[in-house]
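Because the structure is predicted, anything quoted here is derived from the model rather than measured.
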Amino acid sequence: MTVSTTTPNETRIHPRPQLQRAAWRSLDGQWAFAYDDDEVGLSERWFLDPAFDRTIEVPFPPESPASGIGDVGEHSVVWYSQPLTAEQVVRTQASSRLHVHFGAVDYAATVWINGSQVASHTGGHTPFSADITDHVRADGTDVLVVRAVDRFHDVGQPRGKQDWLLEPHEIWYHRTTGIWQPVWIEEVPEIHITDLAWRTTRGTDSVVLELVTNRPLTQEAVVRVRLTFEGRVLADVTATTAATGMPIIDIPLRDQRNGQHYEKLVWTPETPRLIDAVVTVTDRGTSDEVASYLGLRTVGTANGRFLLNDRPYFVRSVLEQGFWPESHLAAPSDDALRAEVELIKAMGFNAARIHQKAEDPRFLYWADRLGLLIWGEVPGAFEFTTPAMHALTAEWLELVRRDRSHPCIVTWVPFNESWGIRDLLVDPAQRAFSRGLSDLTRALDPTRPVISNDGWEHTHSDILTVHDYEADPDRFRERYADNAALAALFGGYGPSDRMMMAEGTADIGGAPVMVSEFGGIKFERSPAAPSWGYSTSATTEELEAHLRGLFGALLSSRVIAGFCYTQLTDTMQEANGLAYEDRTPKLPLDVLRSIIAAEANTKP
């Protein structure tokens with residue numbers, strides 16, 4: 001893991017952990033900022049003379065206190081500008097290129113350098129970059145300008161938990177507008193790697209590397225891949241593009257073919273072993289070297305169980321909104337992302353369902369490094385129109401491509417609770433969209449289970465999930481007691497009075513069944529402010545008893561393959577977290593762990 005050392009007395013984790021080069025410089029910090037409520041910035045050519053009257057701390061959204069702005073009002077268009085020092089745009093090789101990278105800008109972004117447009121991008125959770133080499137002067141007078149458009153009331157725009165009303169209501173929160181993930185500059189060779197993906201074969205005895213470069217490689221190009229674990233070389237493979245075309249390289253791992261050594265390298269939450277990788281591409285006299293990593297693990301489903309490395313694994317997950325009171329969807333710091341993973345594991349969970357958000361790659365790095373299974377989910381839209389379908393599909397495919405090499409991610413969730421496909425029970429087009437986007441996800445990544453519509457109204461899901469906020473532990477226990485109970489549940493209307501299957505019949509005993517939302521117990525430090533939850537406990541004693549009853553009901557089931565508790569932390573008006581907004585647990589960690597990590601009744 002390389003770090004930026006441009007800023008004195010500060011180090012930062014690389015914002016793109018699985019494709020790193022040493023020559024990068026963070027641009028996070030103070031930027032000039034302006035609202036453009038009248039939308040005159042383009043006609044007045046603000047990108048030529050960005051004399052903005054405010055400052056903002058990037059990458060925190062302007063709605064958040066951490067940004068220094070803290071304005072949650074209706075502002076759909078914002079502008080940023082940042083002068084670039086000569087040191088930030090210096091090139092060590094005359095032939096190399098300079099790229100500016102944006103981790104995420106919500107929602108539609110345009111980028112200029114010295115008045116020249118260099119990039120435009122749509123999608124509030126996906127990264128993009130621009131080649132700025134031919135537009136910089138490198139004399140200390142260069143200016144980077146960004147315009148972001150985030151339509152306040154546009155419910156067809158994938159927005160997840162970001163409210164379209166002025167004041168947050170029910171389960172939706174303040175918006176996140178503009179830049180909310182890191183910005184950095186990187187020096188790259190003229191011919192360079194733009195994307196790579198690692199895929200473990202079924203028996204974990206080989207790894208497939210898929211490479212994309214900025215231009216087609218010649219037949220004389222050479223690709224070298226070196227894999228090491230704790231300093232020991234596992235593989236050192238060289239291939240030519242004459243043999244591989246656009247490089248897709250199969251890398252054998254001979255040690256994994258010996259059953260006695262099989263488990264010494266595989267990745268699990270209990271043993272999060274990561275293999276270091278160095279990939280080098282040499283072509284036409286230039287060479288590009290990047291650092292990466294991977295984890296050897298497979299996931300799947302069979303006989304009603306979730307499988308990790310071909311063995312049944314009981315999933316203990318928590319709903320993670322990834323929202324901080326001081327910084328909203330942006331993490332307060334690199335350390336906060338690591339602490340979040342550590343808190344989840346300390347409570348006794350082995351998984352997290354990232355809810356209606358594509359989490360920062362640095363969070364996924366810590367989930368990889370510390371051992372936490374992740375359910376990847378797309379921020380949903382809230383209407384069914386051609387533009388909404390196009391926007392959701394485009395952003396989701398970018399996210400799957402961005403994150404498919406992370407061993408921590410074990411499930412893809414393109415839809416939640418029929419958001420954006422509200423009428424799929426009666427509308428064949430909406431059912432086709434749910435089914436089609438799920439199958440498209442499987443085509444892009446055939447290695448992970450896909451849930452077509454988490455919670456209810458499934459079309460084609462590899463895991464059958466149900467959202468159930470029953471507060472009575474006895475009734476909860478009965479509902480998931482055996483396969484007969486599950487068949488009755490999935491044969492009709494579920495706990496939320498929604499049909500569990502939108503088409504077809506549930507494969508009870510074949511597909512795993514998970515209660516992917518439950519609990520949601522409200523418990524407050526002070527009841528002074530209005531708050532929300534699915535049920536309420538008035539004292540810590542009541543909360544502990546309530547949690548023991550609900551978790552115990554699911555852990556006693558012989559047929560449930562896992563669960564997801566709602567939720568990790570209080571979030572704005574939601575007071576149903578296991579921890580407060582400041583991440584202080586509501587019960588001692590050892591008490592929570594004794595409840596959450598208790599033995600599951602999964603033996604035949």
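Looking at heavy atoms from C-beta onward, V450 lies out of side-chain contact with H460 at the 4.5 angstrom threshold. Between E517 and C564, the closest side-chain pair of non-hydrogen atoms is not below 4.5 Å. With a 4.5 Å cut-off on side-chain heavy atoms, W172 and F382 count as touching. With contacts defined as side-chain heavy-atom distances shorter than 4.5 Å, the pair E457/S452 does not qualify. Two residues are said to be in side-chain contact when any heavy atoms from C-beta on lie closer than 4.5 Å; F563 and S516 fail this criterion. A heavy-atom distance below 4.5 Å is not found between the side chains of E470 and F518. Counting heavy atoms from C-beta outward, P269 and Y313 have side chains that approach closer than 4.5 Å. Annotation: side chain of L464 is not in contact with side chain of P512 (no heavy-atom distance under 4.5 Å).
Aromatic ring pairs are classed by plane angle as parallel below 30°, tilted from 30° to 60° and perpendicular above 60°; the pair Y565 and F551 is parallel. Note on ring orientation: taking the six-membered ring where Trp is involved, the planes of W419 and H355 are tilted (angle from 30° to 60°). Taking the six-membered ring where tryptophan is involved, the planes of W532 and Y534 are perpendicular, since the angle between them exceeds 60° and thus also 30°. Between F415 and F433, the ring planes are perpendicular. Angles over 60° get that label, and only those under 30° would be called parallel.
Under the 6.0 Å distance and 45° angle rule, R273 does not count as a cation-pi partner of F229.
Remark: side-chain polar atoms of E542 are paired, donor with acceptor, to backbone N or O of A538 under 3.5 angstrom. Distance alone, capped at 3.5 Å, places no donor-acceptor pair between the T569 side chain and the A579 backbone. A distance-only check finds no donor-acceptor pair linking the side chain of S461 to the backbone of H458 [under 3.5 Å]. Of the possible donor and acceptor atoms, none in the side chain of D368 sits under 3.5 Å from a partner among the backbone N and O of G371. With K522 contributing its side chain and S537 its backbone, the two residues share no donor-acceptor pair below 3.5 Å. Side chain of R448 to backbone of R404: a donor-acceptor contact under 3.5 angstrom is found. Looking only at distances, no side-chain donor or acceptor of D423 sits under 3.5 Å from a matching main-chain atom of Q430. Of the possible donor and acceptor atoms, one in the side chain of H546 sits under 3.5 Å from a partner among the backbone N and O of A471. Within the 3.5 Å criterion, the main-chain N or O of S405 finds a donor-acceptor partner in the side chain of Q18. Of the possible donor and acceptor atoms, none in the side chain of N303 sits under 3.5 Å from a partner among the backbone N and O of G510.
Taking 4.0 Å as the cut-off between side-chain N and carboxylate O, R175 and D163 do not count as a salt-bridged pair. Look at D590 and R593 and you find no salt bridge, because none of the NZ, NE, NH1 or NH2 atoms lies under 4.0 Å from a carboxylate O.
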Can K345 and E340 be said to form a salt bridge (charged side-chain N to carboxylate O under 4.0 Å, His left out), step by step? CA-CA 9 Å; K345 288 182 65 76; E340 195 86 337; over 6 Å; no
Verify salt bridge (charged side-chain N to carboxylate O under 4.0 Å, His left out) between R558 and D482, making sure each step is shown before the conclusion. CA-CA 7 Å; R558 291 183 179 273; D482 50 34; over 6 Å; no
One pair to check against side-chain contact (heavy atoms from CB on, under 4.5 Å): R199 and V207. What are the steps and the verdict? CA-CA 6 Å; R199 175 165 49 87; V207 172; over 6 Å; no
Going through the checks in order, is the side-chain hydrogen bond (donor to acceptor under 3.5 Å, both in side chains) test met by D335 and S333? CA-CA 5 Å; D335 290 342; S333 66; 5.0 Å; no
Derivation and outcome, side-chain contact (heavy atoms from CB on, under 4.5 Å), residues H467 and R498: CA-CA 10 Å; H467 294 178; R498 303 294 289 265; over 6 Å; no
Determine, step by step, whether Q20 and R16 satisfy the side-chain contact (heavy atoms from CB on, under 4.5 Å) criterion, reporting the C-alpha distance in whole Å, the side-chain angles of both residues, the deciding distance to 0.1 Å, and the verdict. CA-CA 6 Å; Q20 304 178 36; R16 189 184 54 198; over 6 Å; no
For the pair N350 and E270, evaluate side-chain hydrogen bond (donor to acceptor under 3.5 Å, both in side chains) and give the outcome as yes or no after the intermediate values. CA-CA 8 Å; N350 56 27; E270 294 73 30; 4.9 Å; no
E544 vs R548, test: salt bridge (charged side-chain N to carboxylate O under 4.0 Å, His left out). Steps then yes/no. CA-CA 6 Å; E544 180 179 345; R548 288 194 184 279; 3.1 Å; yes
Where do M501 and T459 land on the side-chain contact (heavy atoms from CB on, under 4.5 Å) test, with the steps shown first? CA-CA 7 Å; M501 302 300 296; T459 53; over 6 Å; no
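Going from atom CG of L587 over to atom CG of L592 covers 5.0 Å, rounded to the nearest 0.5 Å. For the atom pair CZ of R316 and CE of M514, the computed distance is 12.0 Å after rounding to the nearest 0.5 Å. The line from CG of D570 to OG1 of T584 is 10.5 Å long, rounded to the nearest 0.5 Å. One distance of note links CG of D462 with OG1 of T301; it measures 5.5 Å at 0.5 Å rounding. In this structure, CD1 on I521 lies 9.0 Å from CG on N576, to the nearest 0.5 angstrom. The CD1 atom of I451 sits 10.0 Å away from the CG atom of N416 when rounded to the nearest 0.5 Å.
Checked against the 6.0 Å centroid threshold, F60 and W180 do not count as a close aromatic pair. The six-membered or imidazole ring of W412 lies near that of W396, with a centre-to-centre distance under 6.0 Å.
The side-chain contact (heavy atoms from CB on, under 4.5 Å) check on P325 picks up E581, R583, with sequence neighbours excluded.
Nearest heavy atom pair, residue Y580 against residue P585, reads CE1-O, 4.4 Å. Considering every non-hydrogen atom in both Q321 and T571, the closest pair reads CG-OG1, 3.8 Å. Among all heavy-atom pairs drawn from Y173 and I171, the shortest one is CE2-O, 3.5 Å. In terms of heavy-atom proximity, R431 sits nearest to A502 at CD-O, 3.8 Å. Residue M500 comes nearest to G455 through the heavy atom pair CE-O, 3.4 Å, listed as atom of the first residue, atom of the second, then distance. I560 and F314 get closest at one heavy-atom pair: O-CE1, 3.3 Å.
The one candidate from K161, E377, E417 that meets the side-chain hydrogen bond (donor to acceptor under 3.5 Å, both in side chains) condition with Q356 is E377.
A donor atom on one side chain and an acceptor atom on the other are found under 3.5 Å apart for W198 and S292.
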